[in-house]
Amino acid sequence: DQLARQTSVHTPTLIIIAATLAALVTVVLCAVWYFNRHIAGLRFWVFSFLCTSAFASNLLLRDHIPEVLSVILGQLTIALAGYFCWLGSRAYMGRAAPSHKGAAVLLAALVVVSWYFTHVQPSPGARFVLAGLFAGVCFVLTAFTLAHGGFHRVPARYLFAWAIGAHGIF
């Protein structure tokens with residue numbers, strides 16, 4: 001019992017730290033993009049971090065807005081963060097952007113299913129799985145998109161692919 005009290009974390013503090021770090025990285029990445037607009041994919045990565053910042057802000061505000069709105073905003077922002085990350089990787093690697101129609105249909109389905117598991121049949125577990133499903137797939141696709149060219153020629157790209165792939169899996 002004593003050990004449990006010593007190792008406990010204060011969740012609101014962690015959320016504040018996450019929101020602050022997401023906002024800081026977003027601002028830095030915006031500045032990098034402003035001065036390096038020629039780098040393919042960077043704009044999408046800025047959008048990805050903007051969505052991540054919006055997600056973290058939504059977590060901070062969740063006690064002050066209706067639950068169903070908070071859940072849907074959270075689901076959409078984290079899904080869009082993953083999608084924009086994948087679009088950025090495709091642009092960076094010189095690949096054509098996929099049709100956005102499929103993503104729009106999947107995002108609409110995500111909203112409907114999130115609403116269902118919040119309003120009709122409340123299930124925090126199902127919502128948790130949904131939160132990682134779309135974004136996780138996009139992050140894994142990002143990893144596969146970036147892991148080309150040979151590790152010895154572009155090691156940073158492979159390290160980033162490994163990190164973003166692990167992020168998508170876990």
Side-chain angles (χ1 to χ4, degrees), residues 8-27 29-30 41-93 95-147 159-170:
S8 68
V9 295
H10 189 246
T11 303
T13 301
L14 290 177
I15 294 171
I16 290 168
I17 291 170
T20 303
L21 288 174
L24 180 62
V25 170
T26 301
V27 169
L29 197 54
C30 281
L42 195 53
R43 174 177 55 113
F44 288 117
W45 288 325
V46 169
F47 293 157
S48 179
F49 272 96
L50 282 169
C51 289
T52 302
S53 294
F55 174 74
S57 298
N58 181 55
L59 289 177
L60 288 173
L61 298 173
R62 71 175 183 241
D63 292 336
H64 305 289
I65 57 177
E67 182 183 29
V68 71
L69 179 61
S70 175
V71 168
I72 289 171
L73 286 174
Q75 297 283 8
L76 279 175
T77 54
I78 203 65
L80 285 170
Y83 186 63
F84 284 132
C85 188
W86 181 48
L87 291 177
S89 71
R90 291 188 62 83
Y92 182 77
M93 296 300 290
R95 296 185 180 172
S99 169
H100 300 303
K101 291 177 186 174
V105 168
L106 289 173
L107 288 170
L110 178 67
V111 168
V112 170
V113 174
S114 297
W115 173 83
Y116 176 82
F117 283 124
T118 303
H119 188 68
V120 178
Q121 181 69 41
S123 176
R127 293 191 320 243
F128 179 78
V129 169
L130 286 172
L133 190 60
F134 187 91
V137 168
C138 288
F139 289 133
V140 169
L141 287 171
T142 299
F144 280 110
T145 302
L146 291 173
L159 291 173
F160 180 68
W162 177 84
I164 201 78
H167 186 64
I169 291 170
F170 300 108

Heavy atoms only: give me the nearest Ala81-Ser48 pair and the separation to one decimal. O-OG, 2.7 Å
Note: Arg62 and Ser70 closest approach over all heavy atoms is CB-OG, 3.3 Å
Does some side-chain heavy atom of Tyr92 sit less than 4.5 Å from a side-chain heavy atom of Phe44? no
Qualifying salt bridge (charged side-chain N to carboxylate O under 4.0 Å, His left out) pairs with a residue from residues 99-109, counting only residues at least two apart or across chains: none
Quick one: CG on Leu59 to CD1 on Ile78, what's the gap to the nearest 0.5 Å? 8.5 Å
Could you pull out every donor-acceptor pair under 3.5 Å between side chains of residues 102-125 and any protein atom, sequence neighbours left out?
residue: Ser114; atom: OG; partner: Leu110; partner atom: O; Å: 2.7
residue: Thr118; atom: OG1; partner: Ser114; partner atom: O; Å: 2.7
residue: Ser123; atom: OG; partner: Ala126; partner atom: N; Å: 3.2

Please find the pair of heavy atoms, one from Ala19 and one from Ala56, that lie closest to each other, and give the distance. CA-CB, 3.5 Å
What's the spacing between Thr11 OG1 and Ile16 CD1 if we round to 0.5 Å? 11.0 Å
The reported gap from CH2 in Trp162 to NE2 in His167 (rounded to nearest 0.5 angstrom) is 12.5 Å
Taken to the nearest 0.5 Å, the spacing of Thr20 OG1 from Ile15 CD1 works out to 11.5 Å
Among pairs that include at least one residue of residues 78-88, which meet salt bridge (charged side-chain N to carboxylate O under 4.0 Å, His left out), considering only residues two or more places apart or in two chains? none
All side-chain contact (heavy atoms from CB on, under 4.5 Å) counterparts of Thr13, not counting sequence neighbours: His10, Ile17
Restricting to non-hydrogen atoms, name the atom on Ala79 and the atom on Ala135 that form the minimum distance, rounded to 0.1 Å. CA-CB, 4.2 Å
Filter on ring-ring contact (aromatic ring centres under 6.0 Å, His included), then keep only pairs touching residues 46-65, sequence neighbours left out; what's left? Phe47-Phe84
Taking all non-hydrogen atoms of both residues into account, name the closest pair between Pro98 and Tyr83 and its distance. CG-OH, 4.2 Å
Would you sort out whether Leu50 and Leu80 count as a side chain to side chain contact (heavy atoms under 4.5 Å, CB included), showing the intermediate values? CA-CA 10 Å; Leu50 282 169; Leu80 285 170; over 6 Å; no
Using salt bridge (charged side-chain N to carboxylate O under 4.0 Å, His left out) as the criterion, list what pairs up with Arg127, not counting sequence neighbours. Glu67
Please list all pairs passing the salt bridge (charged side-chain N to carboxylate O under 4.0 Å, His left out) test where one or both residues lie in residues 103-122, with sequence neighbours left out. none
Between the CD1 atom in Ile72 and the CD1 atom in Ile65, the distance rounded to the nearest 0.5 Å is 10.5 Å
Could I get the full list of side-chain contact (heavy atoms from CB on, under 4.5 Å) partners for Thr142, not counting sequence neighbours? Cys85, Trp86, Ser89, Leu146, Ile164
Excluding sequence neighbours, so at least two apart, what forms side-chain contact (heavy atoms from CB on, under 4.5 Å) with Phe144? Val140
Can you list everything that forms a ring-ring contact (aromatic ring centres under 6.0 Å, His included) with Phe134? Sequence neighbours excluded, please. none
Contact list for residues 77-86, test salt bridge (charged side-chain N to carboxylate O under 4.0 Å, His left out), sequence neighbours left out: none
Using the side chain to side chain donor-acceptor pair (under 3.5 Å) criterion, which residues pair with Ser53? Sequence neighbours excluded. Thr26
